[in-house]
Amino acid sequence: MTPYACPRLLCSHVGFKCLIIARGISKYIHRDISAKSIRQNFLNYFIEKNEHNFVRSSPVVPFCDPTVPFVNAGMNQFKGIFLGTQTPHFTKVTNSQKCVRVGGKHNDINIVGKDGYHHTFFEMLGNWSFGEYFKEEACKMAWELLTQVYKIHPSRLYVTYFAGDESLGLSKDAETYNIWKSLGIKNDRILPFGAKDNFWEMGVTGPCGPCTEIHFDHTGSANRAEFVNKDLHDLTEIWNLVFIQYNRQSDGSLLSLPKKHVDTGMGLERLCCALQGKSSTYDTDLFEYLINAIQKNCSNVQKYSRKFGEQDWNHIDTSYRILSDHLRMLTVCLADGVIPEQNQKLRRVIRKCFVLSETVFGKDKGLVRELSNYVVENLGDVYTELEKNVKLIHQILDYEEEIYKSIRTAARKEWDKLDIDKNLANLDKVDITPSFIKAYKELYVQKPTEIDGVLAHRLYDTHGFDVEAIQQLAEVLSIKFLPISFEKKMEEIKQKSKSNRQLSIDKLLSALTATDLKKTDDSGKYIYNKKGTQYDFPEIQSTILQIVDHNSFISQVKDGQSCGLILDKTNFYCEAGGQECDKGQIHFHGAKFQVETVSKLNDVIVHRGYLKGDAIKVGAQGRISVDREYRLRTMQNHTCAHLLNAAIKQIKSATCQKSSKVTNQYVNLDVSVFGPKFNIKDVIRAEEIISKVIQDQLNVRISTTDSQGLYSYDQITLIPGEVYPDNDIRIVEIQNESDFISREPCCGTHVLNTADLEDFCIVSVKSLGRSSSSLHGVTGERAKLARRNAADLAEDIGVFKKSLAAHLDTPDMLDMGVLSLKQRLNFDVTDDFILPYVYKQEALEELNAISRQIKEKSNEDLRNFVDMEMHDALERKVEVTASDRKFIVHYLRSSMMFESVPLQRATAMCSDMPVIVIAYSDSMVKARCCVPQALQTQDFDAEKWLKQSVASVFEGQISPQKSQNGILICNMKAKKIHVQDWHHLLAESVNIAKNYINSKL
């Protein structure tokens, strides 16, 4: 049998009966129709035979495109080329792109599992030409690959082309029609369609062009041209070839592009269906291994049986499909550095997997983590970041599961208290969270008859509900939900938001826009060097283009006046990337302008400050001088921000930078850690790592790339949600020869060598919630200052400790001394008496130990007071009953001096007689009663005596001494008594206690 015999059998025109037999085969006859081979054959065809360059898949979240939450097509990383903002690195490329569709226009998440071909994650095979080849070559290569390499019989294929559109002023794409015809395709399989199906546009304006699609017929029956583009699951589009040849203008007109491009995309999942003879992508080997893994790990659940719709009455098969799909999506996203805390769509997908694992597959914990290993094993050789980041994937999944279980457990307890019909269908699959309960309570009170668009948007806006959560809520409340109305409302809100945002921007920039000012050249901010051990920031000459007074322009500014100067060029850094702006001066003839802040509006930089000296006018030339020390300290801190981020990632693995702030005094890094929180041992380790990097005197390398180049970097740290520019992306790299690497895109300014940081220490660590910590660090002179402060404080504590023994008889004075030393531990990071965080914690422990020592000595002295008082009571306050039995009922006056009154010590001195001791401290009264066993009778014991006397008066609760007989020893629990009531209640309780014992003994 030839290598392609099996595909030929499945795709030959031999009738439906043979196809059914072929689909019954459980294992492939040979490996050439496995997904791995199909993917590799595609890439090999374009790389080896047609001289394309391989470009690795970009991460699933675009770095440089804020218009889409996830990469949803192969062309996303080449958008800058199509828009004309970038020059292609290669003119012919191919790849397999990871894609995710869980929101926006391409949102498949609510359909997943209900049919056999929708997915949240899929792979898009593609080839591109950037001004190299066009329609003829693209069509020829596509047809050859499908029919000659993959051996798909032409009778299974149909092609479509653009039929033209009068409203666009475009005639039909006759060129493409003729190309397909020249390749031997019959006329009745070359089908024309309108702009909806066969004209591609990137947006309202920009690159666009006709496209041609190739459709595959799974049935292999007679000509079914009439069913193409009718959304049939057995007649599907598998490849789309887009010919980008126009540029849509803002007035709607189309202009021809000087260079024409080709952008093609073929879904691997659909291609595998075609070649493996499957009716559902879930039956291909892209999913089969994962469904088998679910069955293996959940043997108590019925096996997957490929049922859909009503046949899948218990939704078991649907759950298999959802879980297997979502597992691929979440594993790939986590490997690409997408953080659930920052991406709620990903968090919802992960939590849905947890719910399915528990409610359908009977696994309380760990199933999602375990199954992620299968995804890594299956896709890791293609997308190597999966294998590199498997530890990160596991850490985040463990962390997310722990959080979600605690939320869900608490919410379930609250849910069970509500008046809900617990027999409702699928109630066990409802995602019960605190938000869901709040929403239920609100709607239960309001009693709406339906959830329309307005109410649905409120649920989305207030509680973060998506369509599925709203549908679940509607089912629990037994009311209708109108998804279409919700979609319309969301679109309306989106358009209104755009309008309001534009209005705000127009007001802010109207004055600048009217002047048609050009972009300020601020490239000088990166021009500096070292002369010996000193940094040199060269001055530059500049011209005033405009003077800004509030939101209007003026022609001149006078001595003492505050304003903003717009210059043709500058070497000042304006606030960006978390780094604060520069300060400095601009020197004019007879005047000096003191620059306090620098900001950017629409690429125009405004220097705000005040003038000293003669008046200056628009057109005046000045010499710009950056404050050297201020800039250098800021650069030190910014470089250290990168080192600290890299050190934390090295220590904790699963981390995510939330924000940063770099000033001339400190660096602040807010970071999430998915696992055990950042602790003092981690602080010590981070400081050790950074100190080693400083000692190694590593060069800080800075290079520039564009978005295409950015995708090619390994081990690069990106901030989730940050949008990087298409071009001129600065990459800051610091790396030693062994185990340390810091590599980040950054627009800030940095030192040239790590030795220039001089020193570093962390001065503050604060918790920001369950997973996040805020760290403040200092470098250079401020780090040295912190260490000097620590040495001074350590010396003062040492002196204090030496004098401790001599002054233990004056605890109040010692307490004041400790308090004074502790006050030096409270500082702001901008203060001059900052301390290293590690030493601060050590000093706090040492001072607390001293406080305990003082307190213990003070308590010992007080206990002596108790002994003295009880000795006095034994001498002067022992009374006798009528039967000549000794007893004591005593209020311990020294108890007023105690935080915790030692009653046991007091009663122990009266072991041979019945005793009640009452104590009062901090408005709390308590008592203890002891009766020797020899004096215990049926009518008299410790419990009865205390209960009928002191406890009765103070309305206190009694409890026997632990591990003691209650009739011999009994306590009254502390009870709050107002000081106004204390004296008369005390007298009453003492009197009743004496009367009671006199009547019983």
Side-chain angles (χ1 to χ4, degrees), residues 504-531 534-577 579-635 638 662-664 725 728 730 747-750:
S504 172
I505 292 170
D506 288 345
K507 284 181 179 178
L508 184 64
L509 300 177
S510 57
L512 287 174
T513 306
T515 62
D516 196 28
L517 285 170
K518 293 182 180 178
K519 174 181 178 180
T520 306
D521 176 9
D522 64 343
S523 57
K525 66 189 177 187
Y526 296 129
I527 300 173
Y528 52 90
N529 51 55
K530 280 181 74 174
K531 293 182 177 178
Q534 297 292 311
Y535 272 80
D536 178 48
F537 302 96
E539 296 179 344
I540 64 170
Q541 290 290 125
S542 189
T543 303
I544 299 176
L545 301 181
Q546 289 287 354
I547 301 174
V548 182
D549 182 24
H550 296 94
N551 288 325
S552 60
F553 295 120
I554 55 177
S555 59
Q556 71 171 10
V557 59
K558 298 178 181 177
D559 180 38
Q561 188 175 350
S562 297
C563 66
L565 300 184
I566 298 175
L567 312 172
D568 62 336
K569 58 181 175 289
T570 184
N571 60 353
F572 276 88
Y573 185 88
C574 66
E575 185 169 343
Q579 178 179 327
E580 69 177 2
C581 64
D582 283 331
K583 295 183 184 296
Q585 297 86 34
I586 307 174
H587 302 274
F588 298 95
H589 181 69
K592 180 174 71 174
F593 187 81
Q594 187 69 36
V595 178
E596 296 293 324
T597 64
V598 187
S599 57
K600 182 182 286 189
L601 299 172
N602 257 17
D603 292 328
V604 174
I605 294 176
V606 183
H607 305 72
R608 296 189 180 275
Y610 58 92
L611 184 70
K612 286 184 177 180
D614 298 341
I616 54 174
K617 297 180 179 180
V618 172
Q621 291 191 333
R623 182 167 41 84
I624 305 177
S625 176
V626 171
D627 185 323
R628 178 191 170 279
E629 290 301 322
Y630 192 95
R631 164 72 83 85
L632 178 57
R633 291 195 300 267
T634 306
M635 285 165 44
H638 202 153
V662 177
T663 75
N664 76 105
D728 299 324
R730 288 166 58 85
C747 61
T749 56
H750 293 266

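For reference, positions follow the sequence shown, starting with 1.
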Return the set of residues passing ring pair (Phe, Tyr, Trp, His ring centres under 6.0 Å) with Tyr630 (not counting sequence neighbours), or none when no residue passes.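 Residues passing ring pair (Phe, Tyr, Trp, His ring centres under 6.0 Å) with Tyr630: none at all.
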Mind checking what makes ring pair (Phe, Tyr, Trp, His ring centres under 6.0 Å) contact with Phe572, not counting sequence neighbours?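 By the ring pair (Phe, Tyr, Trp, His ring centres under 6.0 Å) rule, Phe572 matches His607.
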Which heavy atom in Leu565 sits nearest to a heavy atom in Ile547, and how many Å separate them?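 Looking at all heavy atoms of both residues, the shortest contact is CD2-CG1, 3.9 Å.
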Work out which heavy atom in Cys747 is nearest to a heavy atom in Ala576; give both atom names and the distance.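 Scanning both residues, the minimum pair turns out to be SG-CB, 3.9 Å.
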Between Asp582 and Thr749, is there a side-chain heavy-atom distance shorter than 4.5 Å?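 Heavy-atom side-chain distance check fails, nothing below 4.5 Å.
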Is there a side-chain contact between Ile527 and Asn571, using heavy atoms and a 4.5 Å cut-off?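 Not touching, per the 4.5 Å side-chain cut-off.
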Under the side-chain hydrogen bond (donor to acceptor under 3.5 Å, both in side chains) rule, collect the residues that match up with [X], sequence neighbours excluded.
X	answer
Lys525	Asp522
Arg633	Asn664
Tyr528	none
Asp521	Ser523

Contacts of Asp549 that satisfy side-chain contact (heavy atoms from CB on, under 4.5 Å) - sequence neighbours left out: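 With neighbours one apart ignored, the set is Ile554.
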With sequence neighbours excluded, tell me which residues meet side-chain contact (heavy atoms from CB on, under 4.5 Å) with Lys518.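 With neighbours one apart ignored, the set is empty.
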Judged by atom type as modelled, is there a donor-acceptor pair below 3.5 Å linking the side chain of Asp568 to the main-chain atoms of Thr543?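 Pair found, side chain donor or acceptor close to backbone of Thr543.
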Main chain of Leu567, side chain of Ser542: is a donor-acceptor contact present, judged purely on distance under 3.5 Å?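 No, the answer is negative, given that no donor and acceptor are paired below the 3.5 Å cut-off.
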Per-pair distances, 0.1 Å, donor-acceptor, side chain in residues 608-615, under 3.5 Å, sequence neighbours excluded:
none

Which pairs of donor and acceptor atoms, one on a side chain in residues 587-601, lie under 3.5 Å apart (sequence neighbours left out)?
{"unit_1": "Gln594", "atom_1": "NE2", "unit_2": "Gly584", "atom_2": "O", "d": "3.4"}

Donor-acceptor pairs under 3.5 angstrom involving side-chain atoms of residues 616-625: please list them, not counting sequence neighbours.
{"unit_1": "Arg623", "atom_1": "NH1", "unit_2": "Glu539", "atom_2": "OE1", "d": "2.8"}
{"unit_1": "Arg623", "atom_1": "NH1", "unit_2": "Glu539", "atom_2": "OE2", "d": "3.2"}

Val626 vs Tyr573, test: side-chain contact (heavy atoms from CB on, under 4.5 Å). Steps then yes/no. CA-CA 9 Å; Val626 171; Tyr573 185 88; over 6 Å; no
Could you pull out all residues at least two apart from Lys519 that satisfy salt bridge (charged side-chain N to carboxylate O under 4.0 Å, His left out)?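 Per chain and number, Lys519 pairs via salt bridge (charged side-chain N to carboxylate O under 4.0 Å, His left out) with no residue.
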